[in-house]
Amino acid sequence: MEIRIEVEADIADVREVEEAAFPTKAEAALVDRLRADGSIVLSLVAVENGTIVGHVVFSRMESPTRSLGLGPVCVLASHRQKGVAAALIRKGLNLSKQEGWAIVFVLGDPTYYKRFGFDPDLAQRFTSPYAGPHLMALQLQPDASREGPAQYAPAFALLD
Ligand SMILES: CC(C)(COP(=O)(O)OP(=O)(O)OC[C@H]1O[C@@H](n2cnc3c(N)ncnc32)[C@H](O)[C@@H]1OP(=O)(O)O)[C@@H](O)C(=O)NCCC(=O)NCCS
């Protein structure tokens, strides 16, 4: 299995994976909107035998701290529980760190995301409409400012 940066020719297949992996088309529509708005900083695909089986997006957040929001992340049901999502997330975090991004936020299940170092306490230092136990943050740069507003890209506000 290969994890690589999405290219233009992947976009239709990525949409199919998003639609298949989630119960509704809301996340596929969210990814479309993030693309249209230019909010996507990093989009990675997991490829097995030439087929895209997973996808993750990191989008620019509105914050004085250089922050990214992780998600949506999805893997085809046929390829789950094999670490595909973890590989997508780890590669995305490594690339984000290399590119100088300071903090990555994620909204999800703490049991899953704590394994990557995501911390609800760090996220609580920021002001967010999603504040709560499911909002977590991971600091990538030692000198990152750890307070202030942190707002997901505008497309998230339209998510059902
Ligand atoms: C969540 C998802 C991306 C995990 O993909 P995966 O490749 O199976 O993940 P990994 O193999 O890296 O890790 C599997 C772990 O994820 C956990 N997991 C699966 N679905 C989960 C969910 N919705 N929330 C939290 N954890 C979940 C499993 O319990 C397993 O935990 P374990 O390692 O403690 O056993 C995949 O199940 C999926 O696409 N689900 C539908 C879309 C979705 O809900 N995405 C997340 C919200 S954006």
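Just so you know, these numbers use all the heavy atoms, side chains as well, and skip hydrogens, waters and symmetry mates. We count ligands from 1, going down the list as the structure has it; atoms in each ligand are counted the same way. This structure is a prediction, so every number in the text was calculated from the model and none was measured.
Checking atom 27 (C) of ligand 1 against the protein gives no heavy-atom contact under 4.0 Å. Per-atom contact check: atom 8 (O) of ligand 1 touches the protein, criterion being a heavy-atom distance below 4.0 Å. Of the protein's heavy atoms, none falls inside 4.0 Å of atom 1 (C) of ligand 1. Using a 4.0 Å threshold on non-hydrogen atoms, atom 21 (C) of ligand 1 does not count as touching the protein. Note that atom 18 (N) of ligand 1 has no protein non-hydrogen atoms nearby, at separations under 4.0 angstrom.
Between R4 and D10 there is a salt bridge, since at least one side-chain N of the basic residue sits less than 4.0 Å from a carboxylate O of the acidic one.
For K97, the NZ atom is loosely surrounded, since the number of other residues' heavy atoms within 6.0 Å does not exceed 12. The neighbour count for N49 CG, taken as heavy atoms of other residues, nucleotides or ligands under 6.0 Å away, does not exceed 12.
In this structure, the protein non-hydrogen atom closest to atom 11 (O) of ligand 1 is G83 N, 2.7 Å. Closest to atom 13 (O) of ligand 1 among all protein heavy atoms lies Y112 CE1, 3.3 Å. If you check which protein heavy atom lies closest to atom 39 (O) of ligand 1, you get V75 N, 2.8 Å. Protein heavy atom at the shortest distance from atom 14 (C) of ligand 1 is Q81 OE1, 3.7 Å.
On a distance-only criterion, V73 and ligand 1 share at least one N/O pair closer than 3.5 Å. Residue H79 has no N or O atom closer than 3.5 Å to an N or O atom of ligand 1. In terms of polar-atom proximity, C74 is not counted as a contact of ligand 1, lacking any N or O under 3.5 Å from an N or O of the ligand. Taking distance alone, with nitrogen or oxygen atoms compared against 3.5 Å, A85 approaches ligand 1 more closely than that limit. Some N or O of R115 is nearer than 3.5 Å to an N or O of ligand 1, by distance alone. For the pair F22 and ligand 1, the shortest N or O to N or O distance does not fall below 3.5 Å.
Atoms of ligand 1 lying under 4.0 Å from any heavy atom of D109, numbered from 1 in the order shown and given with element: 24 (N), 25 (C). With ligand atoms numbered from 1 in the order given, ligand 1 contributes 41 (C) to contacts under 4.0 Å with heavy atoms of A21. Close contacts of ligand 1 with A86, meaning ligand atoms under 4.0 Å from a residue heavy atom, involve 12 (O).
Side-chain contact check for V104 versus F58: some heavy-atom pair is nearer than 4.5 Å. In this structure, the side chains of M61 and F105 come closer than 4.5 Å at one or more pairs of heavy atoms. In this structure, the side chains of Y113 and I89 come closer than 4.5 Å at one or more pairs of heavy atoms. By the 4.5 Å heavy-atom criterion applied to side chains, E48 and K82 are counted as neighbours.
A donor-acceptor contact shorter than 3.5 Å is absent between the side chain of S67 and the backbone of S63. One N or O on the side chain of T65 and one on the backbone of S145 form a donor-acceptor pair closer than 3.5 Å. Between the Q141 side chain and the W101 main chain, a donor and an acceptor come within less than 3.5 Å of each other. Panel note: side chain R115, backbone Y112; a donor-acceptor pair is recorded below 3.5 Å. Side-chain N or O atoms of R125 include one that pairs as donor or acceptor with a backbone N or O of R146 at under 3.5 Å.
Counting heavy atoms closer than 4.0 Å to ligand 1, residue E27 contributes nothing at all. Here V84 has heavy atoms under 4.0 Å from ligand 1 in both its backbone and its side chain.
The residue from R90, E18, R80, K82 that puts a heavy atom closest to atom 38 (C) of ligand 1 is R80.
Using modelled atom types and a 3.5 Å distance limit, the side chains of S39 and D37 yield no donor-acceptor pair.
G108 does not count as a contact of ligand 1, since none of its heavy atoms falls under 4.0 Å from the ligand.
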